[in-house]
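First comes the structure, then the notes that go with it.
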Amino acid sequence: MLLAKLSKLSTLYDTCKKDKNESTFYDLLNVFCMTEQKLRYEYYFEMLDNNINDPEFFFSEMKNENIFFIDYQYKCEEETEITNILDSYCECGKKVSQHDSVIELYQLSSDFKEFISDRNKKALDYNGTSWRKNKLILEELRGVNNLVPFLGSGLSKPLGFPSWPELVEEYKEGCSESELLGIQFFLSKKKYLDCFDLIINDVENQNIKNVEHLKQKISWAFKSKKIDNDNNYKDVINLNLPLIITTNYDDNIDISGENRYSSVIFKDIEDIRSIENDNVIIHLHGSAKNTVKSSMIVTKQDYIELYEDDIYMRKLQSILGNKAILFIGYSLDDYYFMDELIKICEANKGFSEYYAFMINVSQADLQSYMPDYYNIIKIISIDISETVEFNCEVINIVRSYLKYINNNLYLMDI
Ligand SMILES: [Zn+2]
């Protein structure tokens with residue numbers, strides 16, 4: 001019964017959606033649940049109007065499905081009275097409905113609230129082991145000031161961009177037999193930068209002969225794509241934080257941020273004050289845009305020029321000092337970057353706190369690949385079985401965790 005009503009309204013919501021609106025009817029109900037008060041029609045109208053066409057009609061449909069609990073507020077002899085039965089009698093002897101200025105106040109009724117809460121709990125995998133292990137860290141994150149999301153390639157993957165190993169596999173095609181052996185070795189060690197060095201320096205390789213060729217290829221691979229695949233960029237934007245840092249070359253976080261953020265390539269930041277009073281997305285490793293593709297940090301030499309440059313590193317330290325950093329979308333594949341970044345963090349000791357979402361990661365592997373990282377970062381480990389739904393499930397649980405951190409997930413009795 002309840003499910004049938006909701007699915008009917010959800011279908012209707014989707015047909016009324018305004019362009020570019022990515023929210024679902026359940027997202028909206030979640031927001032309604034979060035408002036503990038009973039509110040006037042105007043509030044609901046405005047919320048609906050932000051998301052769909054014909055909000056008035058949709059509201060009346062919601063009312064018809066009895067999803068609201070309604071109170072009637074009216075004035076009688078200068079006193080404000082409230083009742084939930086319009087047909088009842090007031091102390092003055094008249095019917096409630098016979099008073100002037102009867103105002104209806106709406107709140108989602110409790111069975112619908114319970115449904116949304118259960119749905120949210122399911123999305124968090126509330127009864128699973130991941131949640132039990134992660135809950136305390138997520139709660140800690142709720143209270144953190146100065147949170148800075150630090151975004152890695154995992155966030156761009158659902159949009160169809162290649163991973164490091166996929167790039168190496170593709171670019172090694174033109175290499176000589178002897179270099180292929182070396183590339184295979186480094187691939188198995190997740191040392192992708194060493195792979196790129198071998199690819200560029202292989203005299204037999206006519207496909208990619210130098211670093212400019214490599215960056216041209218990578219620029220093509222990460223050109224913005226107009227793909228509607230679900231992803232977590234909007235969820236990061238919805239955290240409403242002033243600073244976001246990404247090591248990704250693609251510009252999907254910028255597109256999701258629309259006009260709310262200005263984007264800058266880290267090396268182009270002239271002074272810290274220039275970014276302090278603005279909402280900023282910093283591309284730490286450059287951008288794949290054709291006009292600035294040389295900005296991409298791709299080879300070992302690029303990394304050295306960035307991470308071993310005193311001026312850049314002081315700048316990065318002052319940006320990160322006193323911040324709590326939340327890594328999202330990084331894996332063991334990003335081992336080299338993590339290693340470099342942790343050195344910077346170490347120099348910042350005591351000034352920052354570090355957290356990371358990691359998917360199906362082995363703590364033991366982490367500890368052996370990246371001991372420094374493992375020691376200072378609190379890992380929010382998400383374990384998901386490798387089914388066909390894998391990508392969707394990762395996106396959903398990351399979304400729920402981010403909403404939870406932001407106190408935007410309605411949960412009853414926890
Ligand atoms: Zn009265």
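Whatever order the structure lists them in is the order used to number ligands and atoms, beginning at 1.
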For this session: Output yes when Glu169 and Lys172 qualify as a salt bridge under the 4.0 Å nitrogen-oxygen rule, no when they do not.
Result: yes
Result, protein N, O or S atoms below 2.8 Å from the Zn ion (ligand 1), excl. waters, equals 4
- Item | Aromatic centroids of Trp131 and Tyr404 separated by under 6.0 Å | yes
Do Lys378 and Glu140 sit within salt-bridge range, that is, some charged N less than 4.0 Å from a carboxylate O? yes
Residues passing the side-chain contact (heavy atoms from CB on, under 4.5 Å) test with Ile311, sequence neighbours excluded, are Asp309, Arg314
Q.
Salt bridge check, Asp302 against Lys267: does any charged N sit closer than 4.0 Å to a carboxylate O?
A. no
Next item on the list: Indicate yes or no: does Asp197 engage Lys300 in a salt bridge with an N to O separation below 4.0 Å.
Entry: no
